[in-house]
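These values consider heavy atoms only, across backbone and side chains, with no hydrogens, waters or symmetry-generated copies.
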Amino acid sequence: MPNTLSEDAHNRIKAAQKDLVSRCGGIERSAAHCSYSPSHMGRFSDTRTAPDLMPLNVVAILEGECGVPYVTSALAEINGHRLAAPDADGACGPDIERDVFHCNAEVMRQVAALTM
(Lines give C-alpha, C1' and ligand atoms only; values in the text may rest on other atoms or scores of the structure.)
Protein backbone atom coordinates (compact mmCIF):
# COMPACT_ATOMS: atom_id res chain seq x y z
CA MET A 1 0.00 0.00 0.00
CA PRO A 2 1.41 3.42 -0.89
CA ASN A 3 2.44 5.74 1.93
CA THR A 4 0.93 8.84 0.30
CA LEU A 5 -2.55 9.80 -0.81
CA SER A 6 -3.30 9.93 -4.49
CA GLU A 7 -4.10 13.36 -5.89
CA ASP A 8 -7.73 12.31 -6.37
CA ALA A 9 -8.01 11.15 -2.76
CA HIS A 10 -6.41 14.35 -1.48
CA ASN A 11 -8.79 16.45 -3.58
CA ARG A 12 -11.78 14.44 -2.31
CA ILE A 13 -10.78 15.08 1.31
CA LYS A 14 -10.15 18.78 0.62
CA ALA A 15 -13.62 19.11 -0.96
CA ALA A 16 -15.16 17.40 2.07
CA GLN A 17 -13.29 19.77 4.40
CA LYS A 18 -14.57 22.77 2.45
CA ASP A 19 -18.15 21.46 2.68
CA LEU A 20 -17.71 20.79 6.40
CA VAL A 21 -16.43 24.28 7.15
CA SER A 22 -19.23 25.80 5.12
CA ARG A 23 -21.88 23.67 6.88
CA CYS A 24 -20.50 24.73 10.27
CA GLY A 25 -21.05 28.41 9.51
CA GLY A 26 -17.91 29.36 7.62
CA ILE A 27 -14.28 29.89 8.44
CA GLU A 28 -14.65 32.22 11.44
CA ARG A 29 -17.24 30.11 13.22
CA SER A 30 -15.48 26.82 12.47
CA ALA A 31 -12.20 28.25 13.74
CA ALA A 32 -13.87 29.31 16.99
CA HIS A 33 -15.29 25.81 17.55
CA CYS A 34 -11.86 24.23 17.22
CA SER A 35 -9.63 26.91 18.78
CA TYR A 36 -7.78 27.38 15.48
CA SER A 37 -7.02 30.68 13.82
CA PRO A 38 -9.27 31.74 10.95
CA SER A 39 -6.25 31.68 8.62
CA HIS A 40 -5.49 28.08 9.55
CA MET A 41 -9.15 27.10 9.12
CA GLY A 42 -9.09 28.91 5.79
CA ARG A 43 -6.22 26.70 4.64
CA PHE A 44 -8.23 23.62 5.60
CA SER A 45 -11.13 24.78 3.42
CA ASP A 46 -9.03 26.08 0.51
CA THR A 47 -9.31 23.52 -2.27
CA ARG A 48 -7.12 25.39 -4.74
CA THR A 49 -3.77 26.29 -3.21
CA ALA A 50 -3.43 25.02 0.40
CA PRO A 51 -2.66 21.30 0.84
CA ASP A 52 -3.46 21.31 4.60
CA LEU A 53 -5.57 18.42 5.89
CA MET A 54 -7.52 18.69 9.14
CA PRO A 55 -6.35 16.74 12.17
CA LEU A 56 -8.84 14.09 13.26
CA ASN A 57 -9.84 16.02 16.39
CA VAL A 58 -10.89 18.98 14.22
CA VAL A 59 -12.88 16.67 11.94
CA ALA A 60 -14.61 15.12 14.96
CA ILE A 61 -15.46 18.49 16.50
CA LEU A 62 -16.86 19.99 13.30
CA GLU A 63 -18.74 16.88 12.20
CA GLY A 64 -20.25 16.70 15.68
CA GLU A 65 -21.23 20.36 15.42
CA CYS A 66 -23.07 20.05 12.12
CA GLY A 67 -24.14 16.42 12.38
CA VAL A 68 -22.89 15.48 8.90
CA PRO A 69 -19.83 13.20 8.45
CA TYR A 70 -18.39 14.93 5.38
CA VAL A 71 -14.73 14.04 5.91
CA THR A 72 -15.41 10.69 7.55
CA SER A 73 -17.55 9.68 4.56
CA ALA A 74 -14.83 10.81 2.17
CA LEU A 75 -12.23 8.73 4.03
CA ALA A 76 -14.50 5.68 3.96
CA GLU A 77 -15.16 6.17 0.26
CA ILE A 78 -11.45 6.48 -0.54
CA ASN A 79 -10.89 3.13 1.15
CA GLY A 80 -13.76 1.40 -0.63
CA HIS A 81 -16.35 1.66 2.13
CA ARG A 82 -19.41 3.73 2.90
CA LEU A 83 -21.10 4.86 6.06
CA ALA A 84 -24.56 3.79 7.09
CA ALA A 85 -26.63 5.99 9.37
CA PRO A 86 -27.92 4.29 12.50
CA ASP A 87 -31.67 4.27 12.96
CA ALA A 88 -33.45 4.96 16.23
CA ASP A 89 -34.79 1.49 17.04
CA GLY A 90 -32.32 -0.86 15.40
CA ALA A 91 -34.87 -2.11 12.87
CA CYS A 92 -33.87 -3.27 9.42
CA GLY A 93 -35.69 -2.35 6.28
CA PRO A 94 -35.17 -1.58 2.61
CA ASP A 95 -34.22 2.03 3.28
CA ILE A 96 -31.64 1.23 5.96
CA GLU A 97 -28.13 0.25 4.92
CA ARG A 98 -26.95 -2.37 7.38
CA ASP A 99 -24.78 -5.39 7.01
CA VAL A 100 -26.45 -8.70 6.31
CA PHE A 101 -25.52 -10.28 9.64
CA HIS A 102 -27.05 -7.46 11.68
CA CYS A 103 -30.31 -7.65 9.73
CA ASN A 104 -30.39 -11.43 10.00
CA ALA A 105 -29.90 -11.24 13.77
CA GLU A 106 -32.67 -8.66 14.07
CA VAL A 107 -35.11 -10.79 12.06
CA MET A 108 -34.27 -13.87 14.14
CA ARG A 109 -34.87 -11.88 17.34
CA GLN A 110 -38.26 -10.78 16.04
CA VAL A 111 -39.18 -14.36 15.01
CA ALA A 112 -38.20 -15.66 18.45
CA ALA A 113 -40.36 -13.00 20.11
CA LEU A 114 -43.35 -14.04 17.99
CA THR A 115 -43.03 -17.77 18.70
CA MET A 116 -42.75 -17.48 22.47
Side-chain angles (χ1 to χ4, degrees):
M1 178 159 219
N3 60 1
T4 61
L5 284 173
S6 70
E7 185 177 347
D8 288 343
H10 187 268
N11 291 340
R12 176 69 181 93
I13 294 169
K14 288 296 289 186
Q17 289 181 174
K18 182 177 182 175
D19 292 342
L20 180 59
V21 169
S22 177
R23 179 72 181 245
C24 287
I27 292 171
E28 297 282 334
R29 188 163 180 206
S30 296
H33 284 301
C34 301
S35 300
Y36 272 76
S37 70
S39 64
H40 203 154
M41 192 59 63
R43 288 192 301 276
F44 290 148
S45 67
D46 178 359
T47 58
R48 299 183 69 184
T49 60
D52 303 50
L53 295 177
M54 290 179 176
L56 290 177
N57 64 319
V58 173
V59 171
I61 291 167
L62 294 180
E63 286 183 348
E65 176 66 24
C66 74
V68 181
Y70 286 107
V71 177
T72 302
S73 293
L75 292 171
E77 179 185 305
I78 288 165
N79 288 296
H81 300 282
R82 61 185 166 159
L83 299 182
D87 62 330
D89 62 0
C92 292
D95 60 334
I96 299 171
E97 294 179 88
R98 295 249 185 207
D99 76 18
V100 174
F101 296 112
H102 174 82
C103 289
N104 183 50
E106 178 60 21
V107 168
M108 296 309 289
R109 185 193 65 74
Q110 291 174 3
V111 168
L114 287 172
T115 59
M116 293 180 96

Say whether, by atom type as modelled, one donor and one acceptor occur between the side chain of Ser22 and the main chain of Lys18 under 3.5 angstrom.
no
Take Thr47 and Asn11 through the side-chain contact (heavy atoms from CB on, under 4.5 Å) test and state the conclusion after the steps.
CA-CA 7 Å; Thr47 58; Asn11 291 340; over 6 Å; no
To the closest 0.5 Å, what do you measure between CG (Leu83) and OG1 (Thr72)?
6.5 Å
Starting at CZ of Arg29, measure out to CZ of Arg23 and round the result to the nearest 0.5 Å.
11.5 Å
Sequence-distant partners of Glu77, salt bridge (Lys or Arg N to Asp or Glu O under 4.0 Å), two or more places apart
Arg12
Check: residues 48-62 side-chain donor-acceptor pairs under 3.5 Å, at least two apart:
unit_1, atom_1, unit_2, atom_2, d
Thr49, OG1, Asp46, OD2, 2.6
Asp52, OD2, Arg43, NE, 3.4

At what distance, to the nearest 0.5 angstrom, does OG of Ser30 lie from OH of Tyr36?
13.0 Å
Find the distance between CG (Leu5) and NE2 (His10) and round it off to the nearest 0.5 Å.
7.0 Å
Check: Glu65 side chain, Cys24 main-chain N or O, donor-acceptor pair, under 3.5 Å:
no
Closest approach of Ala16 and Ala74, non-hydrogen atoms and distance?
CB-CB, 3.8 Å
List the residues meeting side-chain contact (heavy atoms from CB on, under 4.5 Å) with Ser35, not counting sequence neighbours, and say none if there are none.
none
Could you tell me the separation between the CG atom of Leu20 and the CE atom of Met41, rounded to the nearest 0.5 Å?
8.5 Å
Would you check, one step at a time, whether the test side-chain contact (heavy atoms from CB on, under 4.5 Å) holds for Val68 with Glu63?
CA-CA 5 Å; Val68 181; Glu63 286 183 348; over 6 Å; no
